[in-house]
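Presented below is the structure to which this report refers.
A note on names: the letters A, B, ... follow the listed sequences, proteins ahead of strands, and every chain is numbered from 1. None of the values given here were measured: they were computed from a predicted structure. The analysis underlying the following values was restricted to heavy atoms, covering all of them including side chains, and did not include hydrogens, waters or symmetry mates.
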Amino acid sequence: IVTYNIIIRGLCSLGRMEEAISLLNQLQNENLVPDLFTCSAIIDGFCKLKEIGNAKIFLKQMVTWGLEANIVIYNTIVRGLCKNDSISEASDLVEEMKSRGILPNSVTYTTLMHGFCCFGNLEEARRIFGVMKGSSLGVNVVSYTTLIGGYCKCGQMDEAIKLYKEMHLNGLSPNKYTYTVLINGYAKVGNREAASKLLDEMVNSGIVPDSVTYNAVMSGFCKEGRIEEAFKISDQMSQEGLVLD
RNA sequence: CGUUACAAGU
C-alpha cells in the first residue's frame, strides 16, 4: 500500500485524478485496503483542482472503508475551502472537527489565518494568532510569517515589522520565507531601501536567498526605475548558480 | 517512527 500511495500522491499532485482513482480501484482489486495516506493524497488532489465537491464525496467514501477523517484530512479540506473563497465554510468545518473531538493543530490555525489574510481580514487572522499563542501549541515561524504576509499584502509595513521584531523577542528566528514576504512587502510599497536592508540582514544571519527572494528585491528596484541595480541582482543570481526564471 | 500525507514567500 505504501508503494501505491507514493504513486497516487504523485499523480494527485499533478492533478491527474482519473489515473489516481483508477490506481485506487486497482489496489482494491488486489485486496489491499486504502489508508489515511491514500485518502489525504486524493482529497488534496481534488482540493488543489478546486473540486471541493469531489473531495467531499470522497470523504464519505472513506467511511465505507472504515476510515475516519483525521486532522490531516480536515486540514486539507480547510485549505481547499479557503482557496475556494469559502472561508466561512472553512471556519465551520474546524468547529465541526472540534465537536468530533479532534483538536486543531498548528497547521489548522495557520491555514485559517492564511485564508483570512487573503481576504484582507487581518483582525480575524490576528485573533486566531492570539488563540494559538494562548494554546499549548504556541506560535511558530509559520504563524508569524503568515500574519506578517497579511499585513504586507495590505501595505501595513509598520505592523509587519512590529511582528518581525516581536518574533525575535519570543525566541523565534525568521527564515527565508519570512524575509521574502517582508522584502516583497517593502518592494510593493516602493521602499527599496528597507528591502535591501532586509536582504543584508538575511544574508548576515546566514540565510541563503533563492530566486524568489531575489525576484522580490528586483521588483522593488524596477518599480522605482532603478534598472541598473536590478541587473546587478540578476548578475549576482547567475553568479550564485541560480536559474533565472 | 518504509509514504517530504496537511500550513507561510516572487
Side-chain angles (χ1 to χ4, degrees), chain A residues 1-13 20 23 27 32 34-48 55 59 62 67 69-83 90 93-94 97 102 104-118 125 128-129 132 137 139-153 160 163-164 167 172 174-188 195 198-199 202 207-223 230 233-234 237 242-245:
Chain A
I1 187 66
V2 174
T3 313
Y4 271 108
N5 284 347
I6 291 168
I7 298 176
I8 287 174
R9 173 157 303 282
L11 290 168
C12 289
S13 63
L23 228 52
L27 73 88
L32 291 170
D35 63 11
L36 286 167
F37 285 86
T38 326
C39 297
S40 64
I42 291 175
I43 289 175
D44 197 30
F46 282 132
C47 286
K48 289 202 165 120
L59 193 61
M62 285 175 56
L67 295 173
N70 66 0
I71 185 73
V72 174
I73 306 268
Y74 275 110
N75 289 342
T76 304
I77 299 178
V78 167
R79 177 164 193 275
L81 289 168
C82 289
K83 286 256 177 314
L93 185 63
V94 172
M97 180 182 97
I102 301 177
N105 63 13
S106 303
V107 176
T108 320
Y109 285 127
T110 49
T111 304
L112 272 181
M113 280 174 55
H114 186 245
F116 281 113
C117 285
C118 288
I128 297 170
F129 185 80
M132 262 187 106
L137 296 167
V139 287
N140 59 25
V141 60
V142 182
S143 333
Y144 270 107
T145 305
T146 304
L147 194 55
I148 288 172
Y151 283 111
C152 287
K153 184 186 285 278
L163 285 162
Y164 167 73
M167 286 183 74
L172 292 169
N175 63 18
K176 190 159 70 177
Y177 284 74
T178 319
Y179 279 111
T180 305
V181 170
L182 280 165
I183 288 170
N184 188 52
Y186 276 127
K188 271 205 302 208
L198 276 167
L199 181 65
M202 178 179 179
I207 301 171
V208 181
D210 64 13
S211 61
V212 178
T213 315
Y214 284 127
N215 284 344
V217 176
M218 285 172 46
S219 80
F221 283 136
C222 290
K223 191 170 179 147
I233 298 284
S234 86
M237 286 174 73
L242 292 172
V243 179
L244 306 184
D245 60 9

For nucleotides 2-8 of chain B, read 5' to 3', which letter fits each nucleotide if B means a protein heavy atom sits under 4.0 Å from the base, S means only the sugar-phosphate is that close, and - means neither? BB-BBBB
Please lay out, stage by stage, how A/Arg79 and A/Val107 fare under the test side chain to side chain contact (heavy atoms under 4.5 Å, CB included). CA-CA 10 Å; A/Arg79 177 164 193 275; A/Val107 176; over 6 Å; no
Centres of the A/Tyr144 and A/Tyr164 rings: under 6.0 Å? no
Applying side-chain contact (heavy atoms from CB on, under 4.5 Å), name anything that partners A/Val72, two or more places apart in sequence or on another chain. A/Ser40, A/Asn70, A/Thr76
Is it the case that the side chains of A/Ser143 and A/Thr110 hold a donor-acceptor pair, with the cut-off being a distance below 3.5 Å and no angle test? no
Kindly indicate, with the supporting measurements, whether the criterion side chain to side chain contact (heavy atoms under 4.5 Å, CB included) is fulfilled by A/Met218 and A/Ser234. CA-CA 8 Å; A/Met218 285 172 46; A/Ser234 86; 4.1 Å; yes
Rounded to the nearest angstrom, tell me the gap between atom OH in A/Tyr164 and atom C1' in B/rG9. 15 Å
Using whole Å, report how far OH of A/Tyr151 lies from P of B/rG9. 17 Å
Point-to-point distance, once rounded to the nearest 0.5 Å, from CE of A/Met202 to OG1 of A/Thr180: 5.0 Å
Whole-angstrom distance between B/rC6 and B/rC1, as gauged at atom P: 15 Å
Mind checking if A/Asp210 touches a base, just sugar-phosphate, or nothing, with heavy atoms under 4.0 Å? base
Numerically ordered, the residues 211-223 of chain A set in heavy-atom contact under 4.0 Å with RNA chain B is A/Val212, A/Thr213, A/Asn215
Does A/Cys152 reach the side chain of A/Lys188, with side-chain heavy atoms less than 4.5 Å apart? no
When rounded to the nearest Å, what value does the distance between C1' atoms of B/rG9 and B/rA5 take? 23 Å
Considering all heavy atoms, the nearest A/Leu147-A/Ala125 contact: CD1-CB, 3.9 Å
If we take the C1' atom in both B/rA7 and B/rG2, what is their distance in whole Å? 25 Å
